[in-house]
Structures are given as C-alpha cells and as structure tokens.
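Atom set for the values below is all heavy atoms of this structure, side chains included, hydrogens, waters and symmetry mates excluded.
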Amino acid sequence: MREALHQTFTTHDGVELFYRHWPATPAPGEPRKAVVLFHRGHEHSGRIAHLVDELDLPGFDFFAWDARGHGLSPGARGDSPGFATSVRDVQTFCEHLGTTYLIEEENLAVIAQSVGAVIVATWAHDYAPRIRSLVLASPAFKVKLYVPFARQGLALMRRFRGNFFVNSYVKARFLSHDPQRVASYDNDPLITKAISVNVLLGLYEAAERVVADAQAIQIPTQLLISGADFVVHRQPQEQFFERLGSPRKEKHVLPGFFHDTLGERDRAPAIASARRFILENFEQAPERPSLLNADRLGLTCAESERLATPLPRNSLAGLYWRMTRASMRLGSRLSSGIKLGFDTGFDSGSTLDYVYRNTPTGTSGVGRLIDRNYLDSIGWRGIRQRKLHVEELLRLTMAQLREQGREVRIVDIAAGHGRYILEALQGVDPLPESILLRDYSDINVRDGSALIREKGLETIARFVKGDAFDRDDLAALDPQPTLAVVSGLYELFADNRMVGASLAGLADAVEPGGYLIYTGQPWHPQLELIARALTSHREGQAWVMRRRTQLEMDQLVEAAGFRKVDMRVDEWGIFSVSVAQRVS
C-alpha cells in the first residue's frame with residue numbers, strides 16, 4: 001500500500017487547506033503525472049484514499065484535499081465563503097501542484113464525486129484548464145430534497161436569517177452496499193453532516209449554469225452514473241453528458257449502485273473504467289478543438305443569431321418584450337441610469353462609468369428606487385466585480401514588472417472613461433512611467449481626460465482617440481507598452497477576425513515578457529433581456545451579444561502570441577478577467 005504524506009497549501013485568501021500526497025515512482029526521463037481526487041460533500045480525503053491503490057497507477061502522483069470546512073481543513077463545518085470560493089480553491093490547488101511538484105497542468109487527471117464533481121465541473125467550465133482528463137462520479141447537479149419547494153423556502157429563510165446550516169437526511173445505508181463503508185461513515189469523527197445554506201444554494205445555481213452550458217467544456221470526460229441513487233437526480237447528469245463539448249466523452253450507468261459510486265461494494269468495474277480512461281488519454285497527445293471560428297460555426301453563433309432574429313409581432317414572446325421595452329422607456333423618465341442607457345447605449349463608456357459609481361439618481365424618490373433596482377441587476381453587479389478584478393490584477397501585474405526591474409508602461413485600447421485604470425493606482429508606489437488611454441468616442445476622450453485631471457495624473461497619463469481594431473495603429477503604440485489592457489471590448493463584437501486583428505496589434509506592440517489583461521463573458525443569464533430590450537451605442541441598434549467560452553477567448557489570445565498565467569471570475573460565472581504574458 002502506498003503511504004500518504006500530509007501537507008497543506010495556502011489559498012488565495014490565506015487559508016491553509018489540508019491535503020494528502022501519495023508520491024509516485026515515475027520512469028526515468030518521463031514527465032511527472034498526477035491524479036487529483038476530490039471527495040463528496042460531508043466527507044474528506046481519507047474517505048477516497050482507497051482509490052490510490054485500487055486504481056493501480058504507480059507512475060502517477062496522487063493528491064486529495066480536504067475542502068474548506070471538511071476533514072482536517074479549517075472553517076465552519078460544511079461551510080465556505082461561497083461556492084465560487086471553493087471553485088477558485090481548485091484552481092489554486094492545481095497551481096500549487098505545478099509550482100511545488102513541477103507537474104504541468106496537461107499532466108493532471110481529475111477524479112471527483114458528488115458535490116466535489118460539481119465544484120470541479122464548474123472549474124472546468126469557468127477556468128478552462130488544460131488538464132488531460134476528467135472523471136465525474138454521480139455529480140450532485142440536483143440534490144433530491146424531497147420536501148416540496150424546499151429550495152425556495154431555504155432561499156426565503158436566508159433572506160431573513162442570513163446563512164444557516166441544515167443537516168443531511170441521508171443515512172449511510174443509502175450511500176453504499178459496502179458494510180465496511182457504511183460502518184466507517186457512521187463512526188468517522190471527521191464526517192460532517194451539516195451543510196451551509198450558502199453552499200447548498202450556490203451548488204444549485206452553479207450546477208444549473210454548468211449543465212445548461214456544458215458545451216463549453218472541451219476536456220475529455222467520463223461520467224459515472226449510479227443507477228439507484230437516492231441522493232441526486234439522474235436527469236441533469238444525462239443532460240450534462242449530452243451537451244458536453246468534448247469529442248472524447250463516455251458515460252457509464254451502473255445498475256444498482258447507490259450514490260457513493262466509487263465506494264460501492266462492487267465498484268471494481270467502475271474503477272477499471274476510470275483507470276482505462278485516464279491511461280488512454282495520457283497515451284494520446286493532449287488536444288482541444290480549435291474555436292477560432294466559433295463566431296461562424298457552433299452553439300454561441302447560433303445563439304446570437306437567434307437573439308438577433310425579430311420575433312413574430314403577434315406572438316406571446318413578441319408581446320412580452322414589447323411590454324418590457326415600453327416599461328423601460330417609462331422608467332427612463334424617472335431613472336437617470338436607464339435614461340443614460342437609452343441616450344448613449346447600454347454598452348457605452350458613459351453607462352459603464354455610471355454603473356461603476358453605483359449611486360442611484362432620478363427625478364424623485366420613486367426614480368431613485370427604480371434606479372437602485374436597475375443598478376442591482378445581476379449583469380451590472382457582475383460588471384462592478386469585473387472592475388474590482390481588473391484593478392486587482394493590474395496591481396499584481398505592475399508589482400511583477402517592478403520585481404523584474406522593468407518599467408510600467410500601460411495602454412488601455414478601449415478605456416471608456418478609464419476609471420478602473422486610474423483607481424487601480426491608489427496606493428501604488430512608484431506610479432507607472434506612462435499611461436496611455438484610448439477610445440473611439442469623443443465623449444469618452446473628453447470625460448476620461450477630465451478624470452485624469454481630477455486624479456492629478458496629467459504628468460504620466462493622457463487620453464487620445466483611437467481605433468481598438470486597427471492592427472497597424474496598435475502595433476505603432478508609443479511608448480511601447482509593457483502592460484496592455486482590454487476590458488469590456490471584445491464582448492461587444494462577435495467577429496473573431498476583428499478580435500484577432502486587435503490582439504495581433506497588441507502582440508506587435510507589447511514587449512516580450514510584457515503582459516496583457518483581457519476580459520471575457522463566457523456566460524450571462526440575461527442575454528435575451530439585453531438583446532430584446534436594450535440598445536447599443538451603435539446608433540440605437542439592439543444590443544445582441546455573442547458569448548465566448550473561456551477556452552475560445554484563451555485560444556484567441558494564445559494565437560496572437562500570449563500565454564495565460566492568471567485569471568479571476570465572478571461568483572456568477574458571468575465575467576472573467578485574465579492575465580497573459582507576451583511570449584518571446
């Protein structure tokens with residue numbers, strides 16, 4: 001039996017999480033490979049330690065963590081600051097394996113069960129990691145709560161009580177037919193039966209999004225479904241598999257299996273399938289389908305074309321959206337934010353600056369109430385979180401350039417009013433050598449220049465008019481930037497050739513070893529509302545957006561000559577902010 005070493009790693013917010021490591025005996029000259037295990041809810045890494053020997057992969061390192069609030073990791077039992085925090089912990093863990101054990105992301109295979117499988121599937125969707133393969137066992141995409149309207153009731157109670165905890169109703173005998181597993185579950189002091197409502201509701205929300213948009217996951221994936229599962233519903237697992245974007249995918253339904261798929265009494269065939277799948281994918285060169293033409297072929301292309309197609313005038317849907325537009329026009333008479341959106345475009349720099357300020361204004365108390373509701377919409381909350389992520393990564397990247405002994409010369413090619421750039425400088429010492437802000441809009445140039453003067457940054461910053469899609473113009477930027485920023489621009493344009501030309505111009509301009517901060521919009525729950533009711537800055541046209549999956553956006557950046565090195569995503573999975581380094 002392989003012996004485990006007990007280790008810890010530090011998360012992004014400074015928490016030390018526990019994990020077990022079973023070192024490998026790799027063949028000489030071979031790159032280091034690993035299997036990373038993720039336990040189900042309520043449990044810990046010790047409960048899946050048996051898989052290390054049962055999988056019989058001596059050439060692979062094995063790792064298994066205790067998630068926040070589980071096992072030997074700290075935190076209130078069954079709790080996390082948020083489901084998105086747990087997802088980001090997966091990213092931090094894999095980065096730790098890379099820096100500590102020198103295991104490349106392409107040489108990782110992941111096995112995850114139940115709640116752990118949903119966390120990992122969300123990570124695969126949002127972060128687009130380049131792992132070799134993914135095995136998901138009974139993912140808890142929809143937990144069987146049995147009590148009617150339990151989810152709605154929990155959400156309502158949370159509004160009044162805040163976060164609270166509920167205990168699992170599931171008895172060990174309904175998890176596995178293995179008497180030893182049943183007995184150990186009942187007697188294990190590290191098992192936690194409680195789960196916080198924040199985590200439970202976050203699990204539901206993330207699962208719905210990932211199942212709906214599983215086409216974005218291009219990782220070779222094996223799905224193991226327990227045929228007699230009393231804990232989670234089967235249909236969302238089937239839907240997830242059908243929608244998976246990876247051309248390498250397989251599904252196994254295991255008759256009679258209870259929820260603890262990889263801890264069942266007769267689990268040997270399931271484990272043999274997982275072992276074969278992992279080895280087969282390591283024997284083949286890692287590859288992902290090219291998404292550079294996803295603007296002309298594929299799901300998000302069809303989705304945007306559907307949203308751009310007018311609805312039949314007398315249809316119920318057409319009537320609904322006409323009423324929605326009329327109500328927003330009425331609201332614009334009272335709400336300053338909605339009026340600004342109709343005047344300048346809901347995607348304009350002026351609207352974004354208003355959303356960033358987040359101060360409701362209107363012609364009356366009712367107008368301010370309408371404006372508050374407008375500013376609190378999920379899309380605008382995501383925009384404000386994107387601003388915070390851009391500012392955070394700006395400061396981190398400036399610090400990295402300083403550590404390398406290089407000047408900080410910033411360019412933002414579509415800065416709007418430039419607020420996120422200028423406010424990111426608060427507390428930064430020394431300040432950048434130069435800041436060049438550009439935008440196509442005369443209004444943005446005027447108001448952005450005024451903001452530079454307001455911040456007292458005229459000696460290092462200037463604002464000029466410029467075309468963000470003119471490759472030759474970007475390639476000739478002066479001074480030559482070491483840090484380029486593109487925030488909220490590419491999401492507004494469906495055409496990948498335009499985006500590719502813009503990125504190529506930045507690649508020509510940015511010094512080798514310099515950085516690019518770019519944003520993406522892999523998901524949005526209000527796409528139809530935006531397309532049917534809101535107008536764009538382009539002469540009042542409908543604001544129809546085409547989503548780009550994170551993998552598509554990363555491939556465009558990579559094709560231009562950059563390599564992604566860091567990333568943030570909001571808790572709803574709407575907006576991502578990434579950092580890439582210019583490859584020599």
Side-chain angles (χ1 to χ4, degrees), residues 12 349-350 352-358 383-441 443-466 468 473-489 502 505-519 562 564-568 575 577-582:
H12 67 279
S350 298
L352 288 188
D353 197 63
Y354 184 83
V355 170
Y356 291 152
R357 295 199 301 272
N358 196 25
I383 286 286
R384 288 192 290 273
Q385 185 59 55
R386 184 183 72 184
K387 175 180 181 288
L388 296 178
H389 283 155
V390 170
E391 291 173 357
E392 177 194 356
L393 291 176
L394 269 167
R395 287 189 287 267
L396 286 173
T397 308
M398 285 189 282
Q400 289 172 346
L401 287 168
R402 292 300 184 197
E403 289 171 5
Q404 298 164 13
R406 306 177 69 176
E407 288 189 349
V408 177
R409 301 188 294 274
I410 298 175
V411 64
D412 188 322
I413 64 172
H417 290 188
R419 186 173 297 275
Y420 52 86
I421 295 286
L422 303 178
E423 292 186 351
L425 302 179
Q426 186 173 354
V428 172
D429 186 29
L431 290 170
E433 276 69 26
S434 70
I435 301 172
L436 175 61
L437 305 181
R438 293 164 48 106
D439 202 275
Y440 83 101
S441 165
I443 295 174
N444 290 344
V445 174
R446 180 199 67 200
D447 293 346
S449 298
L451 189 58
I452 288 173
R453 293 190 296 272
E454 178 186 317
K455 301 287 186 183
L457 297 170
E458 303 98 311
T459 57
I460 62 169
R462 60 192 177 99
F463 211 127
V464 301
K465 188 171 182 177
D473 189 31
L474 293 174
L477 286 172
D478 185 30
Q480 187 177 15
T482 56
L483 173 54
V485 181
V486 191
S487 177
L489 175 67
S502 176
L506 286 174
D508 292 338
V510 173
E511 288 185 359
Y515 295 93
L516 167 69
I517 294 176
Y518 61 98
T519 62
F562 295 91
K564 188 171 83 169
V565 295
D566 205 354
M567 182 180 161
R568 302 286 185 269
F575 295 109
V577 183
S578 305
V579 182
Q581 190 168 28
R582 179 70 173 95

Query raised in the report: Is a donor on one side and an acceptor on the other found under 3.5 Å between the side chain of Ser487 and the backbone of Thr519?
Result: no

Report task. Report the distance from atom CG of Asn444 to atom CZ of Phe463, rounding to the nearest 0.5 Å. Result -> 6.0 Å

Report task. Would you check, one step at a time, whether the test side chain to side chain contact (heavy atoms under 4.5 Å, CB included) holds for Ile443 with Ser350? Result -> CA-CA 8 Å; Ile443 295 174; Ser350 298; 3.8 Å; yes

Requested in this report: With rounding to the nearest 0.5 Å, note down the distance linking CZ in Arg419 to CG in Asp447.
Outcome: 9.5 Å

Query - From CG (Leu437) to CD1 (Ile421), nearest 0.5 Å - result: 6.5 Å

Report summary line: Taking every heavy atom of Arg402 against every heavy atom of Pro432, the minimum-distance pair comes out as NH2-CA, 3.8 Å

Query raised in the report: Distance from His389 atom NE2 to Ile517 atom CD1, nearest 0.5 Å?
Result: 12.5 Å

Query raised in the report: With sequence neighbours left out, which residue pairs that include part of residues 451-466 fulfil the side chain to side chain donor-acceptor pair (under 3.5 Å) condition?
Result: Asp442-Lys465

Query raised in the report: Do the non-hydrogen side-chain atoms of Met398 and Ile410 ever get within less than 4.5 Å of each other?
Result: yes

Query raised in the report: Would you say Arg438 and Asp473 make side-chain contact, with heavy atoms under 4.5 Å?
Result: yes

Query - Tyr518 vs Leu489, side chain to side chain contact (heavy atoms under 4.5 Å, CB included): CA-CA, chis, key distance, verdict - result: CA-CA 9 Å; Tyr518 61 98; Leu489 175 67; over 6 Å; no

Report task. Mind listing the closest non-hydrogen atom pair of Leu451 and Gly418 along with its distance? Result -> CD2-C, 4.3 Å

Query - Residues forming a side-chain hydrogen bond (donor to acceptor under 3.5 Å, both in side chains) with Arg357, sequence neighbours excluded - result: Asp353

Query - Results of side-chain contact (heavy atoms from CB on, under 4.5 Å) for Ser434 - residues two or more places apart only - result: Arg409, Pro479

Query raised in the report: Given side chains that start at C-beta, do those of Leu436 and Pro481 come closer than 4.5 Å, heavy atoms only?
Result: no

Report task. Grab the two heavy atoms, one from Leu474 and one from Ala468, that are nearest each other, plus how far apart they are. Result -> CD1-O, 3.4 Å

Requested in this report: Would you kindly check if the NZ (Lys) or CZ (Arg) of Arg386 is within the cone defined by 45 degrees around the ring axis of Phe575 and under 6.0 Å from the six-membered ring centre?
Outcome: yes

Report task. Test Val510 against Leu516 for side chain to side chain contact (heavy atoms under 4.5 Å, CB included), laying out the working first. Result -> CA-CA 8 Å; Val510 173; Leu516 167 69; 5.8 Å; no

Report task. Walk me through it: do Leu388 and Arg568 pass the test side chain to side chain contact (heavy atoms under 4.5 Å, CB included)? Result -> CA-CA 10 Å; Leu388 296 178; Arg568 302 286 185 269; over 6 Å; no

Query raised in the report: In Å and rounded to the nearest 0.5 Å, what is the CG to CD1 distance from Leu422 to Ile452?
Result: 5.5 Å

Query raised in the report: Are the side chain of Gln581 and the backbone N or O of Tyr515 linked by a donor-acceptor pair below 3.5 Å?
Result: no

Query raised in the report: Quick check: are there more than 12 heavy atoms from other residues, nucleotides or ligands sitting under 6.0 Å from CD of Gln404?
Result: yes

Query - Any donor-acceptor pair under 3.5 Å from Arg406 side chain to Gly513 backbone - result: yes

Query raised in the report: How many angstroms lie between CZ in Arg582 and CG in Leu506, if you round to the nearest 0.5 Å?
Result: 10.0 Å

Query raised in the report: When you measure from the side chain of Asp439 to the backbone N and O of Gly416, does any donor-acceptor pair fall under 3.5 Å?
Result: yes

Query raised in the report: Are the side chains of Leu431 and Leu457 in touch, meaning some heavy atoms are under 4.5 Å apart?
Result: yes

Query raised in the report: With a 4.5 Å limit on heavy-atom distance, are the side chains of Leu394 and Leu483 in contact?
Result: yes

